[in-house]
S.K.: 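Attaching a single structure in C-alpha cells format; questions to follow.
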There are 4 protein chains.
Amino acid sequence: MFLHIQFESEVPIYQQIKNQIIRGIALGELKLGEDLPSVRQLASDIGINFHTVNKVYNQLKQEGWVVIHRKSGVMINPELKVEKTPEYIEGLEELLKTVTAEAYLRGVTKEEFIQWIENNYAGYPLREGE
Amino acid sequence: MFLHIQFESEVPIYQQIKNQIIRGIALGELKLGEDLPSVRQLASDIGINFHTVNKVYNQLKQEGWVVIHRKSGVMINPELKVEKTPEYIEGLEELLKTVTAEAYLRGVTKEEFIQWIENNYAGYPLREGE
Amino acid sequence: MFLHIQFESEVPIYQQIKNQIIRGIALGELKLGEDLPSVRQLASDIGINFHTVNKVYNQLKQEGWVVIHRKSGVMINPELKVEKTPEYIEGLEELLKTVTAEAYLRGVTKEEFIQWIENNYAGYPLREGE
Amino acid sequence: MFLHIQFESEVPIYQQIKNQIIRGIALGELKLGEDLPSVRQLASDIGINFHTVNKVYNQLKQEGWVVIHRKSGVMINPELKVEKTPEYIEGLEELLKTVTAEAYLRGVTKEEFIQWIENNYAGYPLREGE
DNA sequence: GTGGTCTAGACCACA
DNA sequence: GTGGTCTAGACCACC
C-alpha cells in the first residue's frame, strides 16, 4: 500500500488515511472497482488498530467512495459518483478564502498558488469528453 | 466586529476567529496597527467564554500577527512580517493535494478552482513595491 | 430462477434469498408443492457458496415454508400454513412504528404509504374462502 | 429518557437507540432544538458503553437528524430537513414488498395492516399546511 | 477469512 | 464538563 502516515501530525490518523485514499483515486492509483486491503490487513501494515481503519472505511462508504461487500471486503465504488453539492462548494470556497488570505500575507504570490493547482490537476486523468 | 461564528461547525471556534482575523488583515479590513477589541469585549460580543478569545490572541501573538501591550490591549502587528517558512509551504502543498483531489473527483474543473483563487487574490491590496 | 441478489447490500445474501422466495410464494410465482432448485444448482446460478443456500433452505424448512425430501429435494410446502403468532405480530408492529416514523419525517404521506400497501396486497391471490 | 433497549434482541443496541430517537422526533416527544443527553450520560442511563452511544450520535449527525455543538453537546437538528430521496423511497418500497408478502401469507389482512399504519400516523403531529 | 458490534480504558482538544 | 481519537480485546454474523 502507498500510505504514509505521520503519527506526530495534528491531523488524525483516520483522516490522513481517508485523504490519501481519495487522493489515490484522483491520481488513478486506485482504480474504480479495485479492492482495498481488509481492515485488519491495512491496520497491521500501518501498525495501528483495526478500529481506526474500520472508521475510515465506514466514512468512505457513507460518503460514497467505496462499497463494502459482505464477504469480499471493501472496494473503490465502481460506480463512483460523488457530487458537487452546494454544501461542498460552500465549504470549499470558505476554506480557500482562509487559505489564500494567509498565503498572501506570508508572501505566496498568486502565480505560485495557481501553479500548485495546475500541477495537481495535471496529475489527474482527464475526464471523459475532455 | 465583523466576525461570524458558526457554533455548529466542525471547525473549533477559536480557529474560526483566528481565520477571520487573518482574513480581515489580508483584505485590508484590519489595518496594521489597528486595535482589536479587548478579550472580554470580543468574548461578550460573540457570546463565548473569554478564555477562548484569550487563546486566540495568544496564538496570534505567537505567530506574529498581533502585538499585545500591557495597557492598550491587542493590536495588529504594525510591522507585520509573517514568514513563508518551508514548513508552512509544505503544509500548504499537502493541503492543496488533498483539496484538489476531492474537488477534481467531485467535478470541480481546474478553471473553476483557479477562478476562486484569482477572485480571492483580487481582494487583497497589493504589497508595497508591487 | 427469478432471484436478484444485491451483493453490495446491507442485507445478508441469505436473507435476500429468503425474502424473495417468500415474496414469490405470496405473488403466486411459486406454487405450493413446486420444486425449488437444488442447493448446488441455485448456488451456482447466483454465484455464491452452496453453504449459503443450504442455510436458506434449512431456515425456510424450520419456519414451515418448504419441505425437504431426501431424494426429490426441496419444494414449497404443499400444506403451507405459517402462523400469525403473537411474536410475529409484535415484531411487525414494532418494525412499522420505526418505519412509519422515519417515512413521516421524510415527507411520505399516510396516503402514499397506504397506497403501497394496497398495491402490494393487490398482487397477492386471494386465499381460499375469501 | 424514554428509551427501552432489548439487550437480547438481534437488533444492535445502537440501532435500537437510533430508531427510538427518530420515533421520538416523529411523535413530537423530542422537539426540534431539544438537547439530548451527553454520550456518557445516556450510556450510563442505559447501562452500556459510551462508544455505543457515540456511534449513534455520529450516525444521526451524518444523516442530518441532530447537530453536535462543540460544547453544549448534541441536540435535535433545529432545522431538521431530512429528505425523501429516491434511494430512500426505493429502499422503503423494497422493504414493504418483503414485509407485506410475509404478512399476507401469515394471515394478516390488508385492513389490519393499513390500520396499523393509520394508528401510527395518527400519533404524528400534522405538518404545517395540513 | 471478511466486516460488525460491544466493552473498557486511556488521552486529548475544546469551551 | 463536552465530544473525538486511539488502543485492545472479545464475540458474532456472514460467506
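Chain naming here is simple, since letters A, B, ... match the order of the sequence lines and numbering starts at 1 in each.
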S.K.: May I have the list of side-chain donor-acceptor pairs in residues 6-13 of chain B shorter than 3.5 Å, sequence neighbours left out?
M.R.:
unit_1: B:Ser9; atom_1: OG; unit_2: B:Val11; atom_2: N; d: 2.8
unit_1: B:Glu10; atom_1: OE2; unit_2: D:Lys61; atom_2: NZ; d: 2.7

S.K.: For side chain to side chain contact (heavy atoms under 4.5 Å, CB included), just list the numbers for A:Tyr88 and A:Val82, CA-CA rounded to whole Å, side-chain angles, deciding distance to a tenth of an Å, and then say yes or no.
M.R.: CA-CA 11 Å; A:Tyr88 171 72; A:Val82 288; over 6 Å; no

S.K.: Could you state the atom-to-atom distance from CG of D:Asp35 to C1' of F:dG3 in whole Å?
M.R.: 14 Å

S.K.: What integer distance in Å separates A:Ile5:CD1 from F:dC6:C1'?
M.R.: 13 Å

S.K.: Can you pull the salt bridge (charged side-chain N to carboxylate O under 4.0 Å, His left out) pairs that have at least one residue in residues 20-40 of chain A, sequence neighbours excluded?
M.R.: A:Arg23-B:Glu94

S.K.: What residues, two or more places apart in sequence or in another chain, satisfy side-chain hydrogen bond (donor to acceptor under 3.5 Å, both in side chains) together with A:Asn19?
M.R.: none

S.K.: Within this structure, what is the CG-to-P distance between A:Leu42 and F:dC6, rounded to whole angstrom?
M.R.: 13 Å

S.K.: Please check the phosphate of E:dG3 (OP1 and OP2 only) for any side-chain N or O of A:Asn58 closer than 4.0 Å.
M.R.: no

S.K.: Output the rounded distance in Å from CD (C:Gln16) to C1' (F:dC14).
M.R.: 12 Å

S.K.: Apply side chain to side chain contact (heavy atoms under 4.5 Å, CB included) to D:Val53 and D:Ile48, showing your working.
M.R.: CA-CA 8 Å; D:Val53 178; D:Ile48 59 174; 3.9 Å; yes

S.K.: Does the pair C:Glu93/C:Lys97 count as a salt bridge with the N-to-O cut at 4.0 Å?
M.R.: no

S.K.: So, using side-chain hydrogen bond (donor to acceptor under 3.5 Å, both in side chains) as the criterion, who are the partners of C:Gln16 when residues are at least two apart?
M.R.: none

S.K.: Expressed in angstrom and rounded to an integer, what is the separation of D:Tyr57 atom OH from F:dT2 atom P?
M.R.: 11 Å

S.K.: When you match D:Phe7 and A:Ser72 each to their closest nucleotide on DNA chain E, which lands nearer the 5' end?
M.R.: A:Ser72

S.K.: Establish, from distance only, whether the side-chain atoms of D:Asn58 and D:Gln62 form a donor-acceptor pair under 3.5 Å.
M.R.: no

S.K.: Please report, rounded to the nearest Å, how far the P atom of E:dT7 is from the CG atom of D:Asn54.
M.R.: 13 Å

S.K.: Spell out protein contact along nucleotides 9-15 of chain E as letters: B when the base is contacted, S when just the sugar-phosphate is, - when no protein heavy atom is under 4.0 Å; keep the 5' to 3' order.
M.R.: BBB--SB

S.K.: Of the options A:Ile76, A:Val74, A:Leu30, A:Ile25, which is the one that meets A:Trp65 in a side-chain contact (heavy atoms from CB on, under 4.5 Å)?
M.R.: A:Ile25

S.K.: From CD1 of A:Ile46 over to P of F:dC6, roughly how many Å is that when rounded to an integer?
M.R.: 11 Å

S.K.: With pairs defined as Watson-Crick or G-U wobble and both distances under 3.5 angstrom, please note down DNA chain E as a dot-bracket string, | for pairing with another strand.
M.R.: ||||||||||||||.

S.K.: Expressed in angstrom and rounded to an integer, what is the separation of C:Gln6 atom CD from F:dC15 atom P?
M.R.: 14 Å

